[in-house]
Chemist: 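Here it is: the structure, laid out below.
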Amino acid sequence: QAQFVESGGGLVQPGGSLILSCEASGFSLELDYYAIGWFRQAPGKEREGVVCMYSRVSGGATYYVDSAKGRFTITRGNAKNTIYLQMNSLKPEDTAVYYCAGRRPIGTIAVRTAVSDYDYWGQGTQVTVSS
């Protein structure tokens, strides 16, 4: 059973930066195809896809929610099976619990942004942007 563990959340002032980490076990980022995503859920709101991507040997694609474009970046770490979310110019509206998720390599290969598209979830890490 795949497991995802997020870390790196915390309290940051508006305009600040954070780097979230997601360590995956039982879920390989070395496969020819994999799909992962960072989601967030603010109090009273539905969970939404922030950055979602798939990677194949022949290429891949990445989706950024409009509010994250130009500020957030997803990267794969040198450490095996680790994904990072670099968040810059943070705003109070970025306050949420952030989750890392993985999708089994089945079905149509495309960027998946719906919560229901993902099979494995971490426990989440709280990000609070406040002065």
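In what follows, residues are counted from 1 in the order of the sequence shown.
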Chemist: Can you see which heavy atom on Thr82 is nearest to which on Leu29, and at what distance?
Modeler: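 Looks like N-CD1, 3.8 Å.
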Chemist: Check whether any side-chain heavy atom of Gln123 sits under 4.5 Å from a side-chain heavy atom of Val5, and report yes or no.
Modeler: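 Gln123 vs Val5: side chains touch.
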Chemist: With a 6.0 Å cut-off (strictly less than), is the heavy-atom count around CD of Glu93, excluding the residue itself, greater than 12?
Modeler: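 Count over threshold, so yes.
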Chemist: Shortest non-hydrogen contact from Trp38 to Ile74?
Modeler: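 Nearest pair, atom of Trp38 first, then Ile74: CD1-CD1, 3.7 Å.
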Chemist: Could you see if Tyr54 belongs to whatever hydrophobic cluster contains Phe39? Use Ile, Leu, Val, Met, Phe, Trp, Tyr and a side-chain cutoff under 4.5 Å.
Modeler: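 The answer is no; the residues belong to distinct hydrophobic clusters.
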Chemist: Heavy atoms only: give me the nearest Tyr118-Arg112 pair and the separation to one decimal.
Modeler: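 Heavy atoms only, the tightest pair is OH-O, 2.6 Å.
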Chemist: Cys22: what forms a disulfide (SG to SG under 2.5 Å) with it, not counting sequence neighbours?
Modeler: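 With neighbours one apart ignored, the set is Cys100.
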Chemist: When hydrophobic residues are tied together by side-chain contacts of less than 4.5 Å, even through go-betweens, does Leu85 share a cluster with Leu11?
Modeler: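 Different clusters: Leu85 never reaches Leu11 through Ile, Leu, Val, Met, Phe, Trp or Tyr contacts under 4.5 Å.
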Chemist: Using the ring-ring contact (aromatic ring centres under 6.0 Å, His included) criterion, which residues pair with Tyr64? Sequence neighbours excluded.
Modeler: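 With neighbours one apart ignored, the set is empty.
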Chemist: Considering residues at least two apart in sequence or located in another chain, which fulfil the side chain to side chain donor-acceptor pair (under 3.5 Å) criterion with Thr128?
Modeler: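 Only Gln126 meet the side chain to side chain donor-acceptor pair (under 3.5 Å) criterion with Thr128.
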Chemist: Taking it one step at a time, do Ile109 and Arg56 satisfy side chain to side chain contact (heavy atoms under 4.5 Å, CB included)?
Modeler: CA-CA 9 Å; Ile109 295 175; Arg56 299 186 66 187; 3.5 Å; yes
Chemist: With a 4.0 Å cut-off, would you call Asp119 and Arg103 a salt bridge?
Modeler: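 Between Arg103 and Asp119 there is no salt bridge, as every charged N stays at least 4.0 Å from the carboxylate O atoms.
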Chemist: Hey, do the aromatic rings of Tyr99 and Phe4 have their centres closer than 6.0 Å?
Modeler: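 Aromatic pair excluded; centres sit 6.0 Å or further apart.
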Chemist: Is the shortest side-chain heavy-atom distance between Asn81 and Glu23 below 4.5 Å?
Modeler: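 Asn81 vs Glu23: side chains apart.
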Chemist: Which heavy atom of Cys52 sits nearest to which heavy atom of Thr113, and what is that distance?
Modeler: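 Smallest heavy-atom distance, with atoms named: SG-CA, 3.9 Å.
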Chemist: With sequence neighbours left out, what residues match Ser17 under side chain to side chain donor-acceptor pair (under 3.5 Å)?
Modeler: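 Side chain to side chain donor-acceptor pair (under 3.5 Å) list for Ser17, sorted by chain: Asn88.
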Chemist: To check you understand the geometry: which heavy-atom pair defines the closest contact between Ala2 and Gly26, and what is its length?
Modeler: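 That closest heavy-atom pairing would be CB-O, 3.6 Å.
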Chemist: Which residues pass the side chain to side chain contact (heavy atoms under 4.5 Å, CB included) test with Asp94, not counting sequence neighbours?
Modeler: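 Listed in chain order: Arg40, Arg71, Phe72, Leu90, Lys91, Tyr98, Val129.
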Chemist: Quick check: do Ser130 and Pro92 have side-chain heavy atoms less than 4.5 Å from each other?
Modeler: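 Sidechains of Pro92 and Ser130: no contact.
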Chemist: Return the OG to CD distance between Ser131 and Gln13, rounded to the nearest 0.5 Å.
Modeler: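 Going from the OG atom of Ser131 to the CD atom of Gln13 covers 7.0 Å.
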Chemist: Check step by step if side chain to side chain contact (heavy atoms under 4.5 Å, CB included) holds for Met87 and Ile19.
Modeler: CA-CA 6 Å; Met87 304 187 296; Ile19 300 176; over 6 Å; no
Chemist: What's the verdict on side chain to side chain contact (heavy atoms under 4.5 Å, CB included) for Val111 and Met53, showing C-alpha distance, side-chain angles and the deciding distance?
Modeler: CA-CA 6 Å; Val111 177; Met53 64 168 287; 6.0 Å; no
Chemist: For the hydrophobic clusters of this structure (ILVMFWY residues joined by side-chain heavy atoms under 4.5 Å, transitively), does one cluster hold both Val127 and Val97?
Modeler: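 Different clusters.
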Chemist: With a 3.5 Å distance limit and no angle check, can you tell me whether Gln3 reaches the backbone of Ser25 through a side-chain donor-acceptor pair?
Modeler: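 No, the answer is negative, given that no donor and acceptor are paired below the 3.5 Å cut-off.
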Chemist: Hydrophobic clustering (ILVMFWY, side-chain heavy atoms < 4.5 Å, transitive) - are Tyr34 and Tyr84 grouped together?
Modeler: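 Shared cluster, no.
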Chemist: Output all residues satisfying side chain to side chain donor-acceptor pair (under 3.5 Å) with Gln41, sequence neighbours left out; order by chain, then residue number.
Modeler: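 Testing Gln41 for side chain to side chain donor-acceptor pair (under 3.5 Å), a comparison that skips the adjacent residues, returns Arg47.
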Chemist: Please determine whether residues Phe27 and Val115 belong to a single hydrophobic cluster, defined as Ile, Leu, Val, Met, Phe, Trp and Tyr linked transitively by side-chain heavy-atom distances below 4.5 Å.
Modeler: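 Not linked; separate clusters.
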